[in-house]
Structures are given as structure tokens and as C-alpha cells.
Amino acid sequence: MLLEPIDLVVFFGYCFLIIGMGLFVSREKKGHVKNSSDYFLASKALPWWAVGASLIASNISAEQFIGMSGSGFALGLAISTYEWMAAATLLVVAIFFLPVYIKKGIYTMPGFLLDRYDTRVRTTMAVFWLLLYVFVNLTSVLYLGALSLNTILNVPMTYGIVGLALFAMLYSIYGGLKAVAWTDVVQVVFLIAGGLATTYIALQMVGSGDAWEGLGILRREVPGHFSMILDKGEMMIPDGKGGTRDAYGDLPGLSVLVGGMWITNLSYWGFNQYITQRALAAKSLDEAQKGMIFAGFLKLLMPLIVVIPGIAALVIVNNGIDTGFIDSMKDPVTGIIKSDRAYPTLLQVLPSGLKGLAFAALTAAIVSSLASMANSTSTIFTMDIYSKYFGKNASESKQVKVGRITAVVAFIIAAIVAPALGQLDQAFQFIQEYTGFISPGVFAIFFFGVFWKKTTSNAALVGAALSIPLSVVLKIALPELPFIDRMGYVFLILAALMIIISLVEGKGKDHPNSIDVNADLFKTSTGFKIGAILIVGIIAALYTIFW
């Protein structure tokens with residue numbers, strides 16, 4: 001046990017606070033029975049700051065703290081592209097997609113597809129999302145969270161997986177999105193405070209007590225890790241098996257700015273149920289858009305919290321002074337240094353008190369994401385599968401019950417599959433690549449569904465059905481092709497097919513369910529415009545500095 005008594009007080013105090021708050025906000029007024037709007041959309045009553053905080057808490061999880069720090073150890077600051085481009089993507093979603101969703105009053109992303117296309121497209125994508133959330137998202141977060149418990153507290157992986165799943169279920173299953181969103185506000189405070197504390201201590205370790213000097217040492221000793229755009233052959237990184245591979249395969253040069261990275265970002269932030277569900281639960285469109293801006297500013301801060309510690313860990317390992325640190329970085333079975341052990345190892349060297357805060361921050365990131373993913377999984381299954389095929393006349397209370405059961409089943413399946421991820425060096429890249437199998441199709445059917453009135457239902461069905469097969473074929477046929485570029489190629493192929501099918505089938509006519517896109521729909525407040533300009537300016541400055 002590496003946590004001192006003060007750390008345990010801080011950590012368990014956090015646990016009781018989250019569980020207590022989750023149960024408290026889940027209470028209903030006397031005589032009121034929780035309905036589907038209460039459970040799945042938090043009664044549509046979230047203010048902008050709760051929307052923004054919940055977006056970040058749902059997004060930042062073990063895949064960032066553990067996975068992205070591991071990628072920072074291996075790849076450097078270049079991995080921050082996911083975070084900084086996400087800030088810009090949030091603006092695009094807030095301006096062009098969110099107004100459409102809120103105007104239609106939808107509960108789920110498959111629900112939008114039903115409204116725009118037909119039942120076939122809705123069901124196909126609902127099944128894809130359910131498989132993705134359970135077998136990639138929930139599974140990877142459980143694995144990375146258990147990895148941190150194993151590294152820090154020597155908790156067996158199986159116990160860690162089960163414990164995290166139970167913690168997330170304790171406060172989220174009963175209360176639904178309301179419990180998840182309001183506890184996320186507290187989770188973000190722990191997440192940022194604990195994350196910044198870890199970064200500060202890590203830089204102090206490198207700089208012999210001076211954090212600012214530590215940052216300068218990072219720039220001097222591993223200058224390649226501060227390059228945002230990687231050329232082919234520029235950087236070789238661990239492959240998790242004792243060898244190396246080209247980092248270009250993960251971040252292929254300019255493609256991260258003008259290619260497939262936009263597809264994965266827009267698919268995640270614009271068409272991903274457990275992200276958009278927060279905005280759909282806002283009091284109004286204006287509150288939802290302000291929440292997106294708030295989340296955008298927080299995303300700009302994330303690399304300082306999750307990437308810089310990984311780079312600091314690399315310098316500590318390279319210097320070879322702290323043998324205990326190096327030993328902790330090694331896989332206990334193979335003896336190979338594992339990139340994803342960087343952040344958990346750093347937590348071990350924090351001083352008492354801060355260690356408990358940082359561990360609470362990591363746990364906050366993990367359980368908030370688990371709760372969000374499980375809630376969205378239950379929302380999609382209940383509203384788009386169960387209510388359509390099994391319970392057409394189900395009451396509101398029955399739908400809530402089915403949602404709770406679905407969340408429990410999702411946790412059980414993910415907990416069984418999670419240990420299989422132990423062979424990976426960078427779980428973050430695993431998540432991005434396999435999410436990328438579905439992202440091109442998702443982006444194509446939503447983009448054309450909103451902005452091209454001639455897109456037909458059959459064209460959308462082809463886009464949905466071929467996304468995974470095309471991705472698999474290209475992965476097999478062109479194994480050296482970076483997965484980000486592969487997403488771009490798959491999207492272009494799907495876009496061409498959807499355009500051809502729509503023109504041939506529709507004979508140049510607008511689809512009867514097409515969306516009336518006009519300038520009034522995309523109007524934003526003055527405050528939103530100012531925030532957007534600031535975010536774009538900061539991103540441009542960051543890329544200018546670290547190009």
C-alpha cells in the first residue's frame with residue numbers, strides 16, 4: 001500500500017462525496033416518478049457550466065490520464081493534436097450541428113438518423129454504437145483504470161476492474177444522466193486540481209525542485225518530443241514487444257491537421273451519444289453552446305495535465321538515476337518498459353496528501369467516463385432497440401428499468417473483456433484506431449444528412465454498412481498506411497458512393513426528410529463569438545510555437 005493515511009482520507013473523502021452527491025441529486029419530488037426525460041436527459045435542465053464540465057469529465061478518462069500520458073512518453077507533444085483540435089471541433093459542432101439536434105428534440109444520435117433517414121439506418125448505427133461503447137470504450141477505460149490501481153496500490157487487475165465498475169454503478173445506475181452530469185461538475189475540479197499537481201511535481205523532479213527549470217530541461221533533452229508535426233521516419237517508438245515502430249503510423253504529418261483527424265474528432269464530438277447527450281440535456285440551445293465553449297477552453301489545458309507528465313517520465317527514465325521509477329515502468333511479466341505505466345508511476349512519487357488528490361483525480365476521470373458511457377449505452381439500447389422492437393408500448397417507468405438493466409449488463413461484458421488489452425503498449429492508440437473503423441461512416445451519414453438534401457436513406461445505409469468492411473480491407477491490403485489516413489480514404493470512398501447512389505436513386509430530387517438549413521439556424525450569441533475567436537487564436541499560436 002503506497003498511500004499514506006492522509007492520502008486515504010483525501011481519496012475516500014472524494015469517493016463518499018461523489019456517491020453521496022450522486023444519490024442526493026437523483027432524488028425525485030414526492031409523488032413524481034422518474035421518466036425517460038429525467039433519466040436519459042437530466043430533465044433538460046443543465047446550465048452551461050454543468051454541460052461544459054460534464055463534457056470534459058465524460059471525455060477525460062483513463063485513456064487520457066494513462067493512455068495519452070503513455071503516448072506523451074512515446075510520441076511527445078504531437079499527441080496533443082487530439083486535444084487542441086478537439087477544442088476547434090467543439091466550435092464546429094456547436095455552430096452547425098447542435099442547433100439541428102436541439103430543434104428536432106431528439107434523445108439519441110440514432111434517433112436523429114430515424115428522423116432524417118429511416119428505421120434501417122437508425123438500427124444499424126445503434127447496433128454499431130452499442131458494440132463500440134461496450135467492447136472498445138468501456139473495456140479500455142476499465143483496463144486502464146485497473147492498470148493504474150495495479151501500479152499504484154498493487155491491486156490485482158481483476159479486482160481493480162470489478163471495483164471501478166461497481167463504484168461507477170453505485171451512483172449512476174439509479175440516477176441516470178442527472179446523477180452523472182451533476183457529479184461531473186465535482187469530478188472536473190478534482191481532475192484539474194489533481195492533474196496540475198502531478199504535472200508540477202513531475203517537472204520539479206526533472207528540474208531538481210524547480211518546475212520551470214524542469215520544463216526547460218524537457219525541451220533541451222528531448223527536443224523531438226516537442227514537435228507537433230512528425231515526418232516519416234522522424235521518430236521511432238516502442239511497439240510494446242521490445243522492438244520499435246515508426247511514430248508516423250500514429251500521427252502522419254500534416255494529415256493530423258487537414259486529413260483524417262477531422263473525421264475522428266467530428267465523429268466523436270458531434271455524433272457520439274455520450275458526448276452530445278450532455279448538450280441535448282441543456283436548458284436551451286444558447287446554454288448548450290456556451291457549455292461547448294467552456295469545454296473548448298478546458299481542452300486547451302489538457303495537454304499540460306496529461307501529456308507533459310509523460311514526457312517528464314521519459315526524461316527521468318533516460319537519465320537512469322531513479323532505479324525504482326524505472327522498475328515501476330516495466331511490465332511485471334515481460335520486463336519491458338511500458339509507455340502506459342508512465343502516469344501511474346508518477347503518482348507513486350508524489351508527496352503525501354497530493355498523492356491522494358492526484359489519485360482521486362485519476363479515479364474521477366475513470367468513473368465519470370464509465371458512468372457516462374454506460375448511461376449512453378443504456379439510452380441507445382432502450383430508446384432505439386428495446387422501445388422499437390421489444391417494448392413498443394412500454395411505460396416510462398419500464399423504460400427507465402430497462403435502461404438500468406442495460407447499464408449493468410454493459411459493465412459485466414466490459415469487465416470480462418478488459419483483461420485482453422494487457423498486451424498493448426499504448427491503449428490510447430488502440431482506442432483511436434478501432435473507433436476509426438466506424439468513424440468515416442458516421443461522419444459521412446451525418447454530414448450529408450445535414451448539409452445535402454438529396455442524400456437518400458439507401459445511400460446512408462450503404463455508408464453505415466461499408467465503413468467497417470472497407471476499413472478492414474484497407475488495413476489488411478495496406479498495413480503500413482497510417483490509420484488516420486485510412487479513415488480519410490474510407491470517408492472519400494463512402495462519400496463518392498453515397499453521392500452516386502443518391503443522384504441515381506433520387507433523380508436529383510430532395511429527400512422528403514431533408515433538413516432545411518438556413519442562416520437563422522446557425523446564429524450564435526456575441527459571447528459565443530468572442531469565445532470562439534479566442535480559442536481559434538490560442539490554437540493557432542500553439543501550432544506556431546511548436547510546429
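Reckoned from all heavy atoms, side chains included, excluding hydrogens, waters and symmetry mates.
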Set of residues satisfying side chain to side chain donor-acceptor pair (under 3.5 Å) with respect to [X], sequence neighbours excluded:
X: K104; value: D115
X: S54; value: D184, R278
X: T276; value: none

When you compare the side chain of [Y] with that of [X], does any pair of heavy atoms fall below 4.5 Å?
X: Q273; Y: Y133; value: yes
X: L98; Y: M292; value: yes
X: I366; Y: F167; value: no
X: T81; Y: M228; value: yes
X: L166; Y: F411; value: no
X: D286; Y: W48; value: no
X: L114; Y: V121; value: no
X: V442; Y: W129; value: yes

Quick one: does [X]'s side chain have a donor or acceptor within less than 3.5 Å of a partner on [Y]'s backbone?
X: N272; Y: W269; result: no
X: S378; Y: N375; result: yes
X: H225; Y: F73; result: yes
X: Q289; Y: A94; result: yes
X: S376; Y: M373; result: no
X: Y386; Y: G403; result: no
X: Y101; Y: G270; result: yes
X: S69; Y: A342; result: no
X: W262; Y: L257; result: yes
X: T264; Y: M261; result: no

- Message: Does the plane of the ring in F271 sit parallel, tilted or perpendicular to the ring in F446? Use 30° and 60° as the thresholds.
- Response: parallel
- Message: So for atom CZ, which belongs to F297, do other residues, nucleotides or ligands contribute more than 12 heavy atoms lying within a distance under 6.0 Å?
- Response: yes
Any chance you could measure [X], atom [atom1], to [Y], atom [atom2], to the nearest 0.5 Å?
X: I192; Y: L298; atom1: CD1; atom2: CG; result: 4.5 Å
X: I263; Y: F447; atom1: CD1; atom2: CZ; result: 11.0 Å
X: I412; Y: L138; atom1: CD1; atom2: CG; result: 12.0 Å
X: S267; Y: M487; atom1: OG; atom2: CE; result: 8.0 Å
X: L130; Y: I385; atom1: CG; atom2: CD1; result: 6.0 Å
X: T108; Y: M125; atom1: OG1; atom2: CE; result: 11.5 Å

- Inspect the contact between K388 and D384 and indicate whether a charged nitrogen and a carboxylate oxygen are less than 4.0 angstrom apart. no
Of all heavy-atom pairs between [X] and [Y], which one has the smallest distance, and what is that distance?
X: I293; Y: L91; answer: CD1-CD2, 3.3 Å
X: G72; Y: I311; answer: O-CG1, 3.6 Å
X: G356; Y: V10; answer: C-CG1, 3.8 Å
X: G160; Y: A146; answer: C-CB, 3.9 Å
X: A53; Y: V185; answer: CB-CA, 4.0 Å
X: L370; Y: L164; answer: CD1-O, 4.0 Å

- Could I get the full list of ring-ring contact (aromatic ring centres under 6.0 Å, His included) partners for F491, not counting sequence neighbours? F443
- Query: For F381, what residues pass the ring-ring contact (aromatic ring centres under 6.0 Å, His included) criterion, not counting sequence neighbours?
  - Reply: none
Without placing hydrogens or testing angles, list every side-chain donor-acceptor pair under 3.5 Å for residues 522-542, not counting sequence neighbours.
| from | atom 1 | to | atom 2 | distance (Å) |
| --- | --- | --- | --- | --- |
| K523 | NZ | D520 | OD1 | 3.3 |
| T524 | OG1 | K529 | NZ | 3.2 |
| S525 | OG | F528 | N | 3.2 |
| K529 | NZ | T524 | O | 2.6 |

- Query: Hey, mind stepping through Y268 and T89 against side chain to side chain donor-acceptor pair (under 3.5 Å) and telling me if it holds?
  - Reply: CA-CA 9 Å; Y268 180 87; T89 305; over 6 Å; no
- Looking only at side chains, do T379 and Q277 share a donor and an acceptor under 3.5 Å apart? yes
- Between F451 and F97, does the ring centre distance come in under 6.0 Å? yes
- Task: May I ask you to check whether W49 and F294 place their ring centres under 6.0 Å from each other?
- Result: no
- Show your working on side chain to side chain contact (heavy atoms under 4.5 Å, CB included) between L203 and L218 and close with a plain yes or no. CA-CA 9 Å; L203 291 176; L218 297 189; 3.6 Å; yes
- Query: Between F11 and I6, is a side chain to side chain contact (heavy atoms under 4.5 Å, CB included) present by the stated rule, with each step listed?
  - Reply: CA-CA 9 Å; F11 175 70; I6 183 63; over 6 Å; no
